[in-house]
Amino acid sequence: MILPDRESAKKGTFFKFMVWNSFFKKSLNGDRIFVSLLILLNVFFLLPGSGGNAILTQGDEAMHIATIRESLASSSYLFPKFEGVLNLYKPPALFWLGIFSDSLFGVSFFAERFPSFLLFFGSSVLIYLGIRRAGGSPKLAFTISFAYTLTLGVFKFSRLVMMESLLTFFIILVSVTILEFRLSKNRIWLFLGGFFSGIAILIKGPVFQVYSGIILGSYSVIGIFLLHSNGGWVGKKRIWKELLSHIIFHSSSLIVPVVWILVLLSYSELGKEFLTIFLFTENLGKFSAATANQSEWIIPIGFLLYSFPFSLAVFSGFYSKLFQKPKSLREVVGSSYLWAILAICLVHLAPNRKDFYYLLPLIPLAFLGIGLFFIRKKEYQFSKLLSLDYFFCLGISLLVLAAMWGFGILLGQNIWPELIFTAFLLLIFLWGRRIRVQGSGVPSTTALNLVLAAGLLSYIQFSILPRVNLSEVPENGPFINAKQICIVSENPWTALTFRNALPDAEIIHSVPGADRNCVDGIRYLVFFQEPIPIPTGYQLLQTQTVWKRDVTLQELLSPTQGKEYVYFYEPSRSKNSELESR
């Protein structure tokens, strides 16, 4: 497929299609092989494990799933519910998506997590479309979009019910519409970008408008403050054009929020309360003095962590391109995206509350921004970057392998997966050595990097996680048939794990010492420490091993192997029979 240049765009040969669907179909024409391959690879690497516990977990997911199921069961669609109370502290879009998926596929972990897979897969496709639209080859677009699919952030969050999946998709969607506007000069794309940004407010609240405004504005700053080689200011003529662009963008972004606000206000005081928390309380709470100011290093470290195994490649490309003088319009856009990431990073340094995944939605923007610089570059310019990434990923893979060899030997586990992965890394090393000796070039080194990353993530998903993840809820045994259960633990969120895993059971929570409240001779009991003495009228049903909260090497070498037991009790007689015996 030959993409139109700026002249043909001005003549309207391509941009007569004014809607997103037309752009999508036009971009895919002639690229079906690469897109089909991208679909298959996303399914293979991102879907496995979505319906079970062999995943990298995130604490908030249990609450999100519980809210989705409770809202669906109570038909509370406009105002999602959690624990019988309206969940006012989270924007509703994530819950709406989960409710729709559960309604479509049936209530299950897979149904609730499936939208996350679709959204991250969609983000990969948008990266592909953005690079192709800017004139990149199908191979370059596929390489960068598939590399993004193989990052740790996508690997983890595509299997979780978290708002980051929606944020990621909408950030890259808005960015691609802005790219299309910059290349075509057609403001219909500004209107669409703003409209998408308005929808995304229902995901993160008004802070998303800050994100999208920075992404749009970073190009404006670069364009307005351009200086001529003689030192004269040549960007002042662009001020009005950029101002008009921002007016169109932010005006269209108000459509969805205004409709949403009017709907909520029609619900009287309840709607007003929701809006107060939705627009102010939740985000301002991160600046509260009651919250300890966490380290600023969490934000950049999280960015590098979730872009693994391409962390060094992304960092190197980011640093080198950030200060490189753009030589074409697409490179100016790419540079503006990188500066936007830096600006949003600074925004997240201000609040007291921080987390490693806060910049996760910006990682695809980094891949797209760096990719725009690679278009029509000579292959030798990538060789150093690819070699750096190869040795980094190989080194991390060897460390992971060594850790799992030790883990398997210490715990007496099957070491066949380690033997297979050792053979895989040996083949990768020999392949890399052959490439260097024969001077095979950038395409071979690129394939080497992608295969190594894919092999490492496959080893983690299909070997490490199933062996390391010890669920608190038994997967089999008589306990799973219990209909009334009391969880006795210090952490009330533990009950959510059981409630989500056993949706047909009635589950309540009690803190240790107050467990008499639910020891009624009818409910099954779950203790996270062995009760002494055993409650009267109960007998031990089964036990389940889980990891201790902070496992040390000494504990791994101890007889317990770093594990502790969860105890499950069943009533040995009913409450009525106990009263009759008296």
Side-chain angles (χ1 to χ4, degrees), residues 45-46 56-58 120 123-124 127 143-160 162 164-165 167-168 171-172 175 211 214-215 294-324 334-335 337-351 353-374 382 384-400 403 446 449-450 452-457 459-461 464:
F45 286 105
L46 303 185
L56 297 173
T57 59
Q58 191 75 25
F120 276 104
S123 300
S124 296
I127 294 173
T143 298
I144 294 177
S145 56
F146 181 48
Y148 169 69
T149 294
L150 295 175
T151 57
L152 182 61
V154 176
F155 176 81
K156 175 180 177 177
F157 285 88
S158 63
R159 295 173 175 86
L160 294 175
M162 297 287 289
E164 277 60 39
S165 58
L167 281 175
T168 299
I171 280 180
I172 194 65
S175 300
Y211 293 166
I214 290 175
I215 294 171
Q294 297 169 292
S295 172
E296 286 74 14
W297 286 106
I298 288 176
I299 301 301
I301 289 175
F303 186 86
L304 294 176
L305 173 66
Y306 287 123
S307 60
F308 174 83
F310 304 104
S311 307
L312 288 187
V314 170
F315 175 78
S316 177
F318 191 97
Y319 179 78
S320 62
K321 305 307 179 187
L322 191 65
F323 298 102
Q324 178 178 317
S335 178
Y337 287 164
L338 301 184
W339 281 106
I341 293 171
L342 187 62
I344 295 174
C345 176
L346 295 176
V347 169
H348 278 291
L349 295 179
R353 193 190 313 165
K354 307 175 183 70
D355 213 320
F356 291 101
Y357 61 82
Y358 279 7
L359 289 191
L360 173 74
L362 298 176
I363 292 177
L365 187 58
F367 275 80
L368 176 59
I370 295 171
L372 294 177
F373 277 92
F374 287 166
F382 310 146
K384 183 178 180 180
L385 189 65
L386 291 170
S387 297
L388 177 68
D389 178 74
Y390 163 69
F391 286 111
F392 172 72
C393 189
L394 182 62
I396 297 296
S397 300
L398 290 172
L399 289 176
V400 171
T446 301
N449 276 274
L450 293 177
L452 175 56
L456 175 58
L457 293 185
Y459 175 57
I460 293 173
Q461 177 60 50
I464 295 179

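With sequence neighbours left out, the side chain to side chain contact (heavy atoms under 4.5 Å, CB included) criterion links L322 to F318, L338, W339, L342. With sequence neighbours left out, Y459 forms a ring-ring contact (aromatic ring centres under 6.0 Å, His included) with F421. Under the side chain to side chain contact (heavy atoms under 4.5 Å, CB included) criterion, T151 pairs with Y148, V154, F310, F367, sequence neighbours left out. Here Y357 pairs with nothing under the side chain to side chain donor-acceptor pair (under 3.5 Å) rule; sequence neighbours left out. Shown here are the ring-ring contact (aromatic ring centres under 6.0 Å, His included) partners of Y337, two or more places apart in sequence or in another chain: there are none. Every residue two or more places apart in sequence or in another chain that forms a side chain to side chain contact (heavy atoms under 4.5 Å, CB included) with L386 is listed here: F382, V442, T445, T446, N449. For S124, the side chain to side chain donor-acceptor pair (under 3.5 Å) criterion is met by T149, not counting sequence neighbours. Evaluation of the side chain to side chain contact (heavy atoms under 4.5 Å, CB included) rule for L305 yields L152 as partners, not counting sequence neighbours.
Nearest heavy atoms, F45 versus A454: CZ-CB, 3.4 Å. When all heavy atoms of T168 and S123 are compared, the closest pair comes out as CG2-OG, 3.6 Å. Here the closest heavy-atom approach between residue C345 and residue I299 is recorded as SG-CG2, 3.7 Å. A pairwise comparison of heavy atoms in A366 and F303 identifies CB-CZ, 3.8 Å as the closest pair. The two residues G371 and I144 come nearest to each other via the heavy atoms CA-CD1, 3.4 Å. When all heavy atoms are compared, the tightest approach of I344 to I214 is CG1-CD1, 3.8 Å.
Side-chain contact between S165 and F120: present, with at least one pair of heavy atoms (C-beta onward) separated by less than 4.5 Å. Between F392 and F308, the closest side-chain pair of non-hydrogen atoms falls below 4.5 Å. A heavy-atom distance below 4.5 Å is found between the side chains of K354 and E296. The shortest side-chain heavy-atom distance between S397 and L452 falls under the 4.5 Å cut-off. Using a 4.5 Å heavy-atom cutoff, the side chains of L365 and Y211 are not in contact.
Here L368 contributes atom CG and L372 contributes atom CG; the two are 4.5 Å apart, rounded to the nearest 0.5 Å. We find the CG-CD1 distance between L456 and I396 to be 9.0 Å, quoted to the nearest 0.5 Å. The CD atom of E164 sits 8.5 Å away from atom CG of D355, with the distance rounded to the nearest 0.5 Å. Here the CZ-CD1 distance, from F373 to I370, works out to 9.0 Å after rounding to the nearest 0.5 Å. Between the CG atom of L46 and the CD atom of Q461 there is a distance of 9.5 Å, given to the nearest 0.5 Å. Rounding to the nearest 0.5 Å gives a distance of 13.0 Å between CD1 of I172 and CG of L167.
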Derivation and outcome, side chain to side chain contact (heavy atoms under 4.5 Å, CB included), residues I171 and I215: CA-CA 9 Å; I171 280 180; I215 294 171; 4.1 Å; yes
Intermediate values then yes/no, side chain to side chain contact (heavy atoms under 4.5 Å, CB included), L385 and F374: CA-CA 12 Å; L385 189 65; F374 287 166; 3.7 Å; yes
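Annotation: side chain to side chain donor-acceptor pair (under 3.5 Å) contacts involving residues 303-312, sequence neighbours excluded, comprise K156-Y306. Evaluation of the side chain to side chain donor-acceptor pair (under 3.5 Å) test over residues 312-323, restricted to residues two or more places apart or in two chains, returns K321-Q324.
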